Amino acid sequence: MENFKTNIAKDFVDKEVTLKGWVANFRSSGKISFLQLRDGYGVIQAIIAQSEIDESIWEMVSTLTMESSVIVKGMISKHPKKEEYELQVSGLELVQLADEYPISKKEHGPDFLLDNRHLWLRSSRQVAIQKIRNTIINAIYEYLNINGFIKIDSPILTPNACEGTTELFEMDYFGERKAYLSQSGQLYLEAAISAHSKVFDFGPVFRAEKSKTRRHLTEFWMMDAEMAWAEHEDNLKVQEELISHIVEKVIELNTIELNILERDIEKLSKIKAPFVRMTHAEAVKKLNGLGSDIKKDEDLGGDDETLLTSDLDVPVFVTHWPAEIKAFYMKRSEDGKLALCDDMIAPEGFGEIIGGSQREDDHDELLKRIREHKLPEKEFQWYLDIRKYGSVPHSGFGIGLERLVGWMCGTKHVRETIPFPRMINRLEP
Ligand code: 4AD
Ligand code: MG
């Protein structure tokens, strides 16, 4: 039989088991002690009756502290009324008696919790968030594998910018030149589509963003996907299908965690393709009608994103942005004024989750853009080269993992969605 884990306790009723775990909480009422034991798969209540156990163990139980590590033996029983299982303890071995644990049940401020992130990760909400993050990562891989995408690992050290030079982390490269931490693997994926047609990467990216908002990290995880022979509308279809698949998986696999987080599952279950489509001009008009003072050539602020989806159950694709406020690599509409791009904005105020576009596939047009954006031509030679040897229409997009996790979990600040957040004012622990 499989080793005992708390999440499969129902398969072990009336059986003798061994649990290796941590004391998440405890209380005592005279001759009975109750331990909440966490084993990494869930939490179970262990019941220790003084009458059923050696005197020396009973004495040791009375000295147990929060987060002490223990190996417990006992019998699994089912709660007479509820779908809950308990461990009737017959033996207990103390592995390490924990020092006084700094995180208690009382309210702590975010700075204190972030300073203790190495411990905070054990709290039930934090455990739930990381479990959902894991489901999302797997669901992304699953969707891409089923749909014929090949994983191409893009470099992290790069000679050039992808998303604009103002947010680049710069480093010294052997005292000889500058290198930059990747903002997105997109440009490298564009090179790989002529070899594999549909490709993706998934890894950490870096933005030296000075913004201190609840949606910005300086290191975050991005999945970039890139497809040959795909135009703007094809791109949107893949994005909405992928998101729908992820939501389905989270609901299927993480009901326990969603309940711990008090996430409204009803709201999640409405997220199904097709999503709403709206041009940037239409979005600005709608926003102006709702009281925003956004102008027709402006980016959407965080408040605009929230306002725009306030009457929607599904995300909205804001497409066809004024070309001058979007990235250099985006293909433009016939008249050259609009970018064939999309920002996918999640409902409930979770903001922009995906940025994507069709790419400029004409060599001379792209060169013109690189010059207009004053980007170093030499460093982009390889990128221009791709347009010389069998250039094809192609499109792609990038998902910000932390914002997606935040949305699924109903967590407003992205700092809780990554194990060890990096922000403008935080590099520790
Ligand atoms: O919209 P962005 O900047 O798009 C790109 O980087 C494209 N090269 C992607 C591509 O087409 N392959 O970033 C993509 C997503 C955003 O929609 C957002 O979810 C997330 O990455 N993101 C951030 N997440 C956390 N902190 C930040 N500072 C982020 N900046 C972007
Ligand atoms: Mg964007």
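Bear in mind the structure is a predicted one, so any value in this text is a computation, not a measurement. Atoms within a ligand are numbered from 1 in the order they appear, just like the ligands themselves.
In terms of polar-atom proximity, Glu226 is not counted as a contact of ligand 1, lacking any N or O under 3.5 Å from an N or O of the ligand. Looking at ligand 1, you'll find an N or O of Ser184 within less than 3.5 Å of one of its N or O atoms. At least one N/O-N/O distance between Phe397 and ligand 1 falls below 3.5 Å. Of the polar atoms of Ile353, at least one N or O is found under 3.5 Å from an N or O of ligand 1, judged by distance alone.
Here is the list of ligand 1 atoms found below 4.0 Å of a heavy atom in Ile354: 17 (O). Here is the list of ligand 1 atoms found below 4.0 Å of a heavy atom in Gly355: 1 (O), 9 (C), 10 (C), 11 (O), 17 (O). If you number the atoms of ligand 1 from 1 as listed, the ones under 4.0 Å from a heavy atom of Gly398 come out as 9 (C), 10 (C), 11 (O), 12 (N), 14 (C), 15 (C). Of all the atoms in ligand 1, the ones that sit under 4.0 Å from a non-hydrogen atom of Tyr329 are 7 (C), 8 (N).
Ranking protein heavy atoms by distance to atom 26 (N) of ligand 1, first place goes to Leu217 N, 3.0 Å. With respect to atom 7 (C) of ligand 1, the closest heavy atom belonging to the protein is Glu163 OE2, 3.3 Å. The nearest protein atom to atom 21 (O) of ligand 1, hydrogens excluded, is given as Phe220 CE1, 3.4 Å; this is a heavy-atom distance. Looking from atom 11 (O) of ligand 1 to the surrounding protein, the closest heavy atom is Arg359 NH2, 2.9 Å. Of all protein heavy atoms, the one closest to atom 12 (N) of ligand 1 is Asp224 OD1, 2.7 Å. In terms of protein heavy atoms, atom 1 (O) of ligand 1 is closest to Glu352 OE2, 3.0 Å. Among all non-hydrogen protein atoms, the one lying nearest atom 6 (O) of ligand 1 is Arg207 NH2, 2.9 Å. If you check which protein heavy atom lies closest to atom 18 (C) of ligand 1, you get Arg403 NH1, 3.5 Å.
Atom 15 (C) of ligand 1 has its nearest heavy-atom neighbour, among Gly406, Ser211, Pro421, Gly400, in Gly400.
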What's the verdict on side chain to side chain contact (heavy atoms under 4.5 Å, CB included) for His394 and Trp229, showing C-alpha distance, side-chain angles and the deciding distance?
CA-CA 5 Å; His394 64 287; Trp229 312 106; over 6 Å; no
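Residue contacts with ligand 1 for Met222 involve side-chain atoms from C-beta outward but no N, CA, C or O (heavy atoms, distance under 4.0 Å).
Thr319 and Asp342 form no side-chain donor-acceptor contact under 3.5 Å, judged by distance and modelled atom types alone. Donor-acceptor pairing under 3.5 Å is recorded for the side chains of Asn235 and Gln239.
Note: Tyr188 and Trp382 have parallel aromatic rings, judged against thresholds of 30 and 60 degrees for the angle between ring planes.
Under a 4.0 Å heavy-atom criterion, Met344 is not in contact with ligand 1. The shell of residues lying under 4.0 angstrom from ligand 1, judged by heavy atoms, excludes Glu402.
Note: Tyr101 and Trp22 fail the aromatic proximity criterion, with ring centroids not under 6.0 Å apart. Phe12 has its ring centre no less than 6.0 Å from the ring centre of Tyr85. In this structure, the ring of Phe380 has its center less than 6.0 angstrom from the ring center of Phe328.
Under the 4.5 Å side-chain criterion, counting only non-hydrogen atoms from C-beta, Asp201 is not in contact with Lys151. The side-chain heavy atoms of Asn134 and Lys131, taken from C-beta on, include no pair separated by under 4.5 Å.
Its N, O or S atom nearest to the Mg ion (ligand 2) is what matters here, and for Glu352 that atom is OE2.
Partner Tyr329 forms a side-chain hydrogen bond (donor to acceptor under 3.5 Å, both in side chains) with one of Glu360, Gln358, Gln186 and no other, that one being Gln186. Considering Glu402, His413, Glu305, Glu352 in turn, Glu305 is the only one that fulfils the side-chain hydrogen bond (donor to acceptor under 3.5 Å, both in side chains) rule with Arg215.
Salt bridge annotation for Asp111-Arg426: present, with a cationic side-chain nitrogen under 4.0 angstrom from a carboxylate oxygen. Here Glu190 pairs with Arg387 in a salt bridge; the nearest charged N to carboxylate O distance falls below 4.0 Å.
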